[in-house]
Amino acid sequence: MASPTAEPATLWRNPDFMKLWAGESFSLIGTQVTVLAMPIVAFMLLNASVAEMGVLGALARLPMVLFFVVGVWVDRMRRRPVLIWSDAGRALMLATVPLLFLMDLLTLWWLYVVVFVMGVLGVLFEIAYRSYLPVLVPPEHLGEGNSKLQLSDSLSKAIGPSLAGVLVAARSAPLVILIDVASYVASALCLLSIKKKEEAPQPDGGGSMLGAIRQGFSWVMTQPQVRPLAIATAVYSFFDIGILQTLYFPYVVDGVGVPAAWVGGVLAVGGIGALIGAWLSVRLMKGIGPGPTMLWSTVVGNSALLLVPLAGGPLWLALTMLGVAQLLVGLCAQVFMVNNITVLQTSTPRELTGRVIATIWAMGLVPAPLGALVAGLLGQAVGMRPVVLVAALIGALVPMAVLALSPIPKMRTLPEAPVSA
């Protein structure tokens, strides 16, 4: 007979996890609406140039350099209050966009401020959220928890861009952002209702910030099954998140000839793939192991990136190529993410969780702002198509090689969680 204090056999019966999941789901759907609406506000309503779009993308990603610092803060604080205040701050900041639009005072410079502040609060939320999950669920349920959370991410990518596309077609992009404001409020309320008490973080000696950052970075770089993940994602970040994603909207609209209102539909196909990927992730992890799963999801997903610069010809053919790329990239990204974060959470000492996750995220995302600036400058100078082609090639092939030549393909089971650093 099971003990009265035994953990539930499934997270469906864990009310605190369900509240976290519900809040994150609301927030993700709203965020995906803004992902499409914000560049449309800049590009179509405020007449931003390609170079200015690059600056906007760079400022949105610049706060990623704070990952190292934020990881130390999160390890020294309770995570739930951090999550709640991050949601509240983002709701207030984002609400200024439709307000200023209605007052005819919205400028590109204010969008720069908004995306930067939203990025800072987003970094704080991301690290605290990834570090908070092991507080709510036992190690044996981390894979299930990450899969469910990534499923929400997938649903948001399917629902958010489609909803935004329909509303943006009516030229209401700034007002569409109010959906995201409401989603952050809903997320904060869900987090406030969680009942499980979070223990105070273990003291780390109160050493210098630099020393604490170095400790997390050193742990990542000395783990043979973690280091390749950090290196591969750093390359992918610069070329895909930095260059390819920054130029995606103007490239698809002006370079390929896809109507702006249809871009949301193309992105929604990626959401469908992500749904499938989130469903497959734990099954593949248990079936062939986390290592082979991460390798092959990288090979398939990155290969699909090459369809983006090759898209062209009749509109139906271009849409098909872009849609297939979104489908495969979305599917493989979710499979990789669930396995990647589960490996990190199970292998990292609890007192280093924030710093280690921050290190991985920083190495994977800090190159993005530089990539975004390069995208704007090169796209203006030599044209978008050659820049997109080179970014897709390098961003696809290098991560494949890094993982294939590492111990990752031999990782058939999840590493055991150590007791201490």
Side-chain angles (χ1 to χ4, degrees), residues 130-131 133-134 137-151 153-154 216-237 239-241 273-274 276-305 328-350 352-353 355-365 395-419 421:
R130 296 292 181 181
S131 303
L133 184 61
V137 305
E140 62 270 20
H141 287 165
L142 282 175
E144 180 189 353
N146 285 312
S147 178
K148 283 179 165 57
L149 291 168
Q150 290 303 126
L151 180 63
D153 183 72
S154 306
F217 181 80
S218 297
W219 190 92
V220 169
M221 297 308 292
T222 56
Q223 304 303 307
Q225 294 177 322
V226 175
R227 182 176 61 247
L229 298 174
I231 296 172
T233 51
V235 175
Y236 187 86
S237 169
F239 291 100
D240 179 65
I241 299 175
I276 300 171
W279 178 76
L280 283 174
S281 57
V282 175
R283 290 165 176 80
L284 289 172
M285 182 192 301
K286 294 179 179 178
I288 65 175
T293 297
M294 287 189 286
L295 173 64
W296 288 108
S297 62
T298 299
V299 170
V300 175
N302 285 15
S303 297
L305 286 173
L328 292 178
V329 170
L331 188 157
C332 294
Q334 295 302 311
V335 170
F336 181 89
M337 177 64 73
V338 170
N339 282 262
N340 183 22
I341 191 62
T342 303
V343 166
L344 289 177
Q345 289 168 337
T346 57
S347 64
T348 304
R350 181 61 59 85
L352 291 178
T353 301
R355 275 166 283 180
V356 167
I357 292 177
T359 298
I360 293 291
W361 256 242
M363 294 183 67
L365 297 178
L397 298 178
V398 173
M400 291 185 206
V402 170
L403 294 186
L405 298 174
S406 75
I408 296 292
K410 298 179 181 179
M411 189 193 303
R412 302 287 176 174
T413 60
L414 288 171
E416 295 183 2
V419 176

Practice problem: With side chain to side chain contact (heavy atoms under 4.5 Å, CB included) as the test, would you mind laying out the steps for L142 and V137 before giving the verdict? | Solution: CA-CA 7 Å; L142 282 175; V137 305; 3.5 Å; yes
Would you say the side chain of [Y] lies within less than 4.5 Å of the side chain of [X], judging by non-hydrogen atoms?
| X | Y | answer |
| --- | --- | --- |
| P407 | K410 | no |
| S347 | W219 | yes |
| F336 | L229 | yes |

When rounded to the nearest 0.5 angstrom, what is the spacing between [atom1] in [X] and [atom2] in [Y]?
| X | Y | atom1 | atom2 | result |
| --- | --- | --- | --- | --- |
| Q345 | N340 | CD | CG | 9.5 Å |
| I276 | Q334 | CD1 | CD | 11.5 Å |
| N302 | F239 | CG | CZ | 12.5 Å |
| K286 | T293 | NZ | OG1 | 12.5 Å |
| N339 | L284 | CG | CG | 7.5 Å |
| E144 | S281 | CD | OG | 10.5 Å |

What pair of heavy atoms forms the shortest contact from [X] to [Y], and how long is it?
| X | Y | answer |
| --- | --- | --- |
| P409 | A404 | CG-O, 4.0 Å |
| G216 | V356 | O-CG2, 4.3 Å |
| G143 | V282 | O-CG2, 3.4 Å |

So, the side chain of [X] versus the backbone of [Y]: is there a donor-acceptor pair under 3.5 Å, distance only?
| X | Y | result |
| --- | --- | --- |
| S147 | A278 | yes |
| R227 | V220 | no |
| T359 | R355 | yes |
| S406 | L403 | yes |

Exercise. Go through the steps for Q225 and V343 under the test side chain to side chain contact (heavy atoms under 4.5 Å, CB included), then give the verdict.
Key: CA-CA 9 Å; Q225 294 177 322; V343 166; 5.9 Å; no
Self-check item: Test side chain to side chain contact (heavy atoms under 4.5 Å, CB included) applied to W296 and V335, step by step
Solution: CA-CA 10 Å; W296 288 108; V335 170; over 6 Å; no
Self-check item: CA sep, side-chain torsions, deciding dist, call: V402, V235, side chain to side chain contact (heavy atoms under 4.5 Å, CB included)
Solution: CA-CA 10 Å; V402 170; V235 175; 5.7 Å; no
